S.K.: 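Supplied in structure tokens, the structure appears directly below.
This structure is a prediction, so every number in the text was calculated from the model and none was measured. Numbering starts at 1 and runs along the sequence shown.
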Amino acid sequence: MTSPITSILPTLKTAANRLAQPDILFWIVPLMMALLVLGTIAQKHIGLFAAQQQYFGSFYIMFGMIPLPAGLTIMGIFLINLLCKFIMKSEWSWQKSGTILSHFGVLLLVFGGMMTAISAREGFLIIPQGKSSATLEDYHERNLVIRSHDNNLLTIRHEDLADGKIFKKDQIPFSLTIDKYCFNCTITRRPENDQQNWESPGKFMMLNQSPADAQDEKNMSGIEFSISGTNDANGKYLTFDGFPKPPTILVKNTPYTITIERAQRKLPFAVKLDQFKRSLHPGTEMASAFTSKITIEDNEKNLSFPATIEMNEPLRYRGYTLYQSSFDLSGDTPYTVLTVVENKGRIFPYIASLLIALGLIIHLALRISQRIKGKESLSPP
């Protein structure tokens with residue numbers, strides 16, 4: 001009796017042979033080129049990060065009502081094509097071992113690129129000297145947060161904010177309507193004829209949509225919104241990313257603060273800034289180097305150790321890479337700004353490059369060995 005696995009093997013082999021054909025690459029290369037052109041044009045209007053996410057970091061994009069394959073889908077097809085060709089078309093022999101190893105390195109390189117596109121996340125730590133922090137603020141993700149007495153009641157991603165959107169949840173005793181949302185806002189004075197029903201400071205300032213900045217961290221997201229369903233706090237308000245005095249409404253003597261802020265997440269360890277040092281170019285106020293002497297405090301592993309982070313000399317620990325990004329010396333206490341990158345695919349380019357180089361060396365050594373043997377066989381006895 002034939003087992004189900006045995007009966008399905010011919011079908012799998014036929015499918016793998018088809019997926020290994022070079023005509024697949026012939027069709028996806030023009031798609032890659034078109035996507036590159038569209039993404040490059042789009043970054044002028046929506047910013048570099050948004051264009052990367054929309055065109056290269058997603059599986060599809062919408063062209064009107066039609067879904068079209070985006071970067072991850074195209075690279076996934078490319079990876080499957082390479083993998084099937086590697087398995088089905090390779091000449092599995094010692095003489096071809098160098099070529100096989102190099103091809104495997106290319107596969108790892110493409111796989112690592114997809115892992116990076118899917119999993120890489122970056123944020124920053126702002127730490128005053130003598131203090132520690134384990135709370136990472138995201139460079140790109142922003143949230144609408146409603147909290148009461150420092151308790152987060154509702155968190156809404158900025159991708160879910162849009163004009164006319166209404167939020168009425170069990171966690172909050174009122175209804176919030178988004179009157180205007182802008183991913184990148186500029187602030188102007190509100191006309192006198194539009195100040196009715198506005199609570200200060202929205203009575204005197206208004207938010208305007210501006211083109212997205214190519215550097216996503218410079219975009220200032222904001223909303224103008226209406227509160228209804230209460231007797232005391234009904235009205236119009238506004239808030240935006242970094243607003244020092246976000247609106248707080250009082251409902252039955254309970255305060256509710258509404259903010260737009262960068263998404264936060266916890267690191268599995270804390271970073272304490274022991275000392276920050278800045279060096280200047282002689283005779284100028286231009287920084288030539290800045291250094292953060294820190295202590296890593298890892299309670300999960302019951303571990304604590306000192307480290308130094310300098311320009312172009314990051315610290316790598318537990319899958320995170322910490323870079324010296326910026327600083328603030330305007331007050332009495334120095335602050336350091338550390339960029340923190342989490343990238344689960346970062347090891348693949350190193351392994352892939354090593355395998356490609358090793359494969360080329362083996363291939364060259366085998367070719368030289370074949371030539372030597374060939375000359376020996378042709379030489380007269």
S.K.: For the pair I309 and L338, evaluate side-chain contact (heavy atoms from CB on, under 4.5 Å) and give the outcome as yes or no after the intermediate values.
M.R.: CA-CA 9 Å; I309 302 175; L338 303 177; 4.1 Å; yes

S.K.: Side chains of N343 and Y320: donor-acceptor distance under 3.5 Å anywhere?
M.R.: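 There is no such pair between these side chains.
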
S.K.: What do the steps show when you test F240 against M205 for side-chain contact (heavy atoms from CB on, under 4.5 Å), and what is the final call?
M.R.: CA-CA 12 Å; F240 51 86; M205 63 170 63; 4.2 Å; yes

S.K.: Check this for me: does any side-chain nitrogen of one of D179 and K236 sit under 4.0 Å from a carboxylate oxygen of the other?
M.R.: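 Looking at D179 and K236, the cut-off is not met.
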
S.K.: Please list every donor-acceptor pair under 3.5 Å in which a side-chain atom of residues 16-39 meets a protein atom from a residue at least two apart or in another chain.
M.R.:
| unit_1 | atom_1 | unit_2 | atom_2 | d |
| --- | --- | --- | --- | --- |
| N17 | ND2 | K13 | O | 3.1 |
| R18 | NH1 | D23 | OD1 | 3.1 |
| R18 | NH2 | D23 | OD2 | 2.9 |
| Q21 | NE2 | N17 | O | 2.9 |

S.K.: Between M220 and I187, is the side-chain contact (heavy atoms from CB on, under 4.5 Å) condition met? List the steps.
M.R.: CA-CA 10 Å; M220 184 181 74; I187 300 174; 4.0 Å; yes

S.K.: Output yes when R147 and E261 qualify as a salt bridge under the 4.0 Å nitrogen-oxygen rule, no when they do not.
M.R.: yes

S.K.: Do T230 and L250 come close enough that some side-chain heavy atom pair is under 4.5 Å?
M.R.: no

S.K.: Pairing donors with acceptors under 3.5 angstrom, does anything connect the side chains of N234 and S228?
M.R.: no

S.K.: Would you tell me whether T40 and Y55 have side-chain atoms, one donor and one acceptor, within less than 3.5 Å of each other?
M.R.: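 Per modelled atom types, T40 and Y55 side chains form no pair under 3.5 Å.
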
S.K.: Considering only NZ, NE, NH1 and NH2 on the basic side and carboxylate oxygens on the acidic side, decide whether K165 and D160 come within less than 4.0 Å.
M.R.: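 No, this pair does not count.
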
S.K.: Any chance the side chains of T295 and D274 put a donor and an acceptor closer than 3.5 Å?
M.R.: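 Judged by distance alone, the side chains do pair up.
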
S.K.: Does any donor atom in the side chain of T177 or S226 lie under 3.5 Å from an acceptor atom in the other side chain?
M.R.: no

S.K.: Roughly how far, to the nearest 0.5 Å, is the CG atom of L144 from the OG1 atom of T259?
M.R.: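 One finds 7.0 Å between OG1 of T259 and CG of L144.
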
S.K.: Mind checking the OG-CD1 spacing from S97 to I362? Nearest 0.5 Å is all I need.
M.R.: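 If we round to the nearest 0.5 Å, S97:OG and I362:CD1 are 5.0 Å apart.
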
S.K.: In chain order, what residues pass the salt bridge (Lys or Arg N to Asp or Glu O under 4.0 Å) check against D194, with sequence neighbours excluded?
M.R.: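 Salt bridge (Lys or Arg N to Asp or Glu O under 4.0 Å) list for D194, sorted by chain: R190.
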
S.K.: Any chance the side chains of Q324 and S292 put a donor and an acceptor closer than 3.5 Å?
M.R.: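 Result is yes, a qualifying pair exists.
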
S.K.: Quick one: list whatever passes salt bridge (Lys or Arg N to Asp or Glu O under 4.0 Å) with E122, sequence neighbours left out.
M.R.: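 Testing E122 for salt bridge (Lys or Arg N to Asp or Glu O under 4.0 Å), a comparison that skips the adjacent residues, returns none.
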
S.K.: Restricting to pairs with a member in residues 305-314, which pass side chain to side chain donor-acceptor pair (under 3.5 Å), not counting sequence neighbours?
M.R.: T291-E310

S.K.: In a check of side-chain hydrogen bond (donor to acceptor under 3.5 Å, both in side chains) between S210 and each of N219, T186, N184, which one passes?
M.R.: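 Of N219, T186, N184, side-chain hydrogen bond (donor to acceptor under 3.5 Å, both in side chains) with S210 is met by T186 alone.
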
S.K.: Is the backbone N or O of V145 less than 3.5 Å from a side-chain atom of N143, with the two atoms forming a donor-acceptor pair by type?
M.R.: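 Not a single qualifying donor-acceptor pair exists.
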
S.K.: Applying a strict under-4.5 Å side-chain criterion to I, L, V, M, F, W and Y, I'd like to know whether F290 and V337 cluster together.
M.R.: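 No: no chain of side-chain contacts under 4.5 Å links F290 to V337.
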
S.K.: Fit a plane to each ring of Y139 and F124, take the angle between them on a 0 to 90° scale, and name the class: parallel (under 30°), tilted (30 to 60°) or perpendicular (over 60°).
M.R.: tilted

S.K.: T257 and T248: side-chain donor and acceptor closer than 3.5 Å?
M.R.: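 Indeed, the side chains of T257 and T248 share at least one donor-acceptor pair under 3.5 Å.
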
S.K.: side-chain contact (heavy atoms from CB on, under 4.5 Å) between I146 and F174: does it pass, once the steps are laid out?
M.R.: CA-CA 11 Å; I146 302 176; F174 52 83; 4.3 Å; yes

S.K.: Could you state the interatomic distance from CD (E297) to OG (S132), rounded to the nearest 0.5 Å?
M.R.: 5.0 Å

S.K.: Determine whether a donor-acceptor pair (N or O, by modelled atom type, separation under 3.5 Å) exists between the side chain of D138 and the backbone of E141.
M.R.: yes

S.K.: What's the spacing between Y237 OH and K203 NZ if we round to 0.5 Å?
M.R.: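 These two atoms lie 11.5 Å from each other.
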
S.K.: Any side-chain heavy-atom pair from L315 and T321 closer than 4.5 angstrom?
M.R.: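 L315 does not reach T321 side chain to side chain.
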
S.K.: P128: which residues meet the side chain to side chain contact (heavy atoms under 4.5 Å, CB included) condition with it, sequence neighbours left out?
M.R.: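 Side chain to side chain contact (heavy atoms under 4.5 Å, CB included) check on P128 returns K131, T333, Y335.
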
S.K.: My understanding is that only residues two or more places apart in sequence, or in another chain, count here; which of them pass ring-ring contact (aromatic ring centres under 6.0 Å, His included) with Y181?
M.R.: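 ring-ring contact (aromatic ring centres under 6.0 Å, His included) list for Y181, sorted by chain: empty.
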
S.K.: Heavy atoms only: give me the nearest S221-R142 pair and the separation to one decimal.
M.R.: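 For S221 and R142, the tightest heavy-atom pair comes out as OG-CD, 3.1 Å.
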
S.K.: About how many Å separate CD1 of I100 and OG of S93, when rounded to the nearest 0.5 Å?
M.R.: 6.0 Å

S.K.: Please determine, by modelled atom types, if Q95 and Q370 share a side-chain donor-acceptor pair under 3.5 angstrom.
M.R.: yes

